[in-house]
Amino acid sequence: MSFIDTIVLSPVMKSFVAGSVSGTCSTILFQPLDLVKTRLQTRSIPISGSPDGMMAIFEQVVRRDNILGLWRGMMPSMYRCVPGVGLYFSSLHSLKSAVCEEGQPLGPVQAVLLGATARTISGVTMIPMTVVKTRYESGVYVYSGVAEAVRTIYNKEGARGLTCGLLPTLLRDAPFSGLYLMFYTQIKINIPEEYREGPLSSACHFSTGVISGLLASTITQPFDVVKTKMQLYPDKFNSLLGVVMYVQRKYGYRGYFKGLVPRMLRRTLMAAMAWTVYENMMKTLKLK
């Protein structure tokens with residue numbers, strides 16, 4: 001077997017492919033929710049992430065940019081999420097293989113640590129695309145394309161501009177993925193095997209993912225608000241503590257949960273779909 005065949009047929013590469021496919025599906029479907037979440041967090045007037053606030057943003061975007069405006073920032077989202085999700089799942093597969101015997105379920109602490117570590121690897125690698133995606137969606141910046149956005153940010157702000165908000169991004173994503181994986185694995189092992197592995201397996205995976213996503217996204221929402229502020233206004237906010245104090249002073253505790261509803265819907269549905277597609281593809285690739 002050639003070196004190329006070894007790479008292509010390796011379990012890690014199969015995990016990467018399965019993760020990338022799942023990331024593609026979920027990103028395309030739920031991009032509008034991510035755009036609305038970002039717009040809610042960048043509004044200067046105190047507005048909650050309530051359904052009313054969401055619908056106002058939806059209506060504003062559609063009226064100004066037509067329905068396709070809801071997919072603004074799709075390309076940087078794809079550049080970020082497709083390889084990012086693939087890298088997350090392949091890293092998770094490698095880590096799980098290293099600490100667990102095949103077929104052995106993860107314990108709660110193992111799930112938190114492995115999920116957080118895999119997400120940290122993915123998050124650090126993809127942070128430039130995270131910055132570009134956030135600025136694209138905000139409406140604050142106007143770029144003609146992803147390459148131009150990267151070039152403009154680098155020329156004006158240097159490498160720091162392409163990595164701004166890394167700490168709150170990791171503080172948001174690593175705990176989210178750790179908590180999500182813990183909830184997901186613990187709920188799943190308590191589902192009877194005839195449902196978990198039978199004709200209803202996809203429904204079980206999706207509903208387990210929804211519950212896990214709701215819990216994990218609510219807990220980590222404050223870090224998402226801080227991350228968005230740092231990435232959109234790097235000249236105004238250059239420290240995590242500075243953003244925290246600004247949000248508290250201007251909006252109070254409610255400010256940390258701006259955009260919660262669209263983010264909760266997007267992260268929950270996106271993660272649930274990603275895991276459902278991933279689990280089914282891993283079965284198809286005979287890795288489960």
Report yes if some heavy atom in the side chain of I127 is under 4.5 Å from a heavy atom in the side chain of Q231; otherwise report no.
yes
From OG (S22) to CD (E279), nearest 0.5 Å
10.5 Å
I need the minimum non-hydrogen distance between Y278 and A18, along with the two atoms involved.
CD1-CB, 3.7 Å
Locate the shortest heavy-atom distance separating S20 from V82; write the atom from each residue and the value.
OG-O, 3.2 Å
Among side-chain atoms of Q221 and R263, is any donor-acceptor pair under 3.5 angstrom?
yes
More than 12 foreign heavy atoms under 6.0 Å from OH of Y195: is that the case here?
no
Could you give the distance from CD1 (I28) to CE (M74), rounded to the nearest 0.5 Å?
5.5 Å
Identify the residue among F89, F183, F206 that makes a ring-ring contact (aromatic ring centres under 6.0 Å, His included) with W275.
F89
Looking at L87, I121, L114, which hits side chain to side chain contact (heavy atoms under 4.5 Å, CB included) with L92?
L114
Quick one: do V131 and R135 satisfy side chain to side chain contact (heavy atoms under 4.5 Å, CB included)? Show the steps, please.
CA-CA 6 Å; V131 174; R135 295 192 181 187; 3.8 Å; yes
Counting C-beta onward and ignoring hydrogens, is there a side-chain heavy-atom pair between S202 and N280 closer than 4.5 Å?
yes
Under the side chain to side chain donor-acceptor pair (under 3.5 Å) definition, can you give me all pairs with a residue in residues 116-125, not counting sequence neighbours?
R119-S177
Is there a side-chain contact between L70 and Q31 in this structure, where contact means two heavy atoms from C-beta onward sitting under 4.5 Å apart?
no
Connected via hydrophobic side-chain network under 4.5 Å: Y141 and I57:
yes
Would you please test V36 and R266 for side chain to side chain contact (heavy atoms under 4.5 Å, CB included) and show each step?
CA-CA 10 Å; V36 170; R266 175 187 173 271; over 6 Å; no
Start with the C-alpha gap between C81 and M270, add the side-chain angles, then the distance that decides, and say whether side chain to side chain contact (heavy atoms under 4.5 Å, CB included) holds.
CA-CA 11 Å; C81 292; M270 190 170 178; 3.9 Å; yes
Which atoms form the tightest heavy-atom contact between P168 and M230, and what is the distance?
CG-SD, 3.5 Å
K14 and S90: side-chain donor and acceptor closer than 3.5 Å?
no
Within the 4.5 Å heavy-atom criterion, are T134 and L232 side-chain neighbours or not?
yes
For residues L171 and L240, determine if any side-chain heavy atom of one lies less than 4.5 Å from a side-chain heavy atom of the other.
yes
For residues F58 and P32, report the shortest heavy-atom separation together with the two atoms involved.
CE2-CB, 4.1 Å
Does R151 pair with E157 as a salt bridge, N-O distance under 4.0 Å?
no
Distance check, rounded to the nearest 0.5 Å: I191 atom CD1 versus T208 atom OG1?
3.5 Å
Looking at R267 and D34, is any side-chain nitrogen of the basic one under 4.0 Å from a carboxylate oxygen of the acidic one?
no
Can you tell me if CD on E193 sees more than 12 non-hydrogen neighbours from other groups inside 6.0 Å?
no
When you compare the side chains of E148 and T152, does any donor N or O come within less than 3.5 Å of an acceptor on the partner?
yes
Going by heavy atoms in the side chains, are Q110 and K96 under 4.5 Å from each other?
no
Let me confirm one number: the NZ-OG distance from K133 to S77, rounded to the nearest 0.5 Å.
5.0 Å
Quick one: do L269 and S26 satisfy side chain to side chain contact (heavy atoms under 4.5 Å, CB included)? Show the steps, please.
CA-CA 8 Å; L269 295 174; S26 53; over 6 Å; no
Taking atom SG of C204 and atom CD of E194, what is their separation to the nearest 0.5 Å?
9.5 Å
Side chain of T163, backbone of L166: donor and acceptor closer than 3.5 Å?
no
Any chance you could measure M126, atom CE, to Y79, atom OH, to the nearest 0.5 Å?
10.5 Å
Quick one, Y154 and L162 - any side-chain contact, counting heavy atoms below 4.5 Å?
yes
Mark yes or no: K229 above the aromatic ring of Y246, with NZ or CZ under 6.0 Å from the six-membered ring centre and no more than 45 degrees from the axis.
no
For V142 versus R72, what's the shortest heavy-atom pair and its separation?
CA-NH2, 4.3 Å
Which heavy atom in S15 sits nearest to a heavy atom in M282, and how many Å separate them?
OG-CE, 3.4 Å
Test item: side-chain donor near acceptor, T130 and R80, under 3.5 Å:
yes
Tell me, do I153 and Y143 make a side-chain contact under 4.5 Å, heavy atoms counted?
yes
side-chain hydrogen bond (donor to acceptor under 3.5 Å, both in side chains) involving K37 - partner list, sequence neighbours excluded
D224
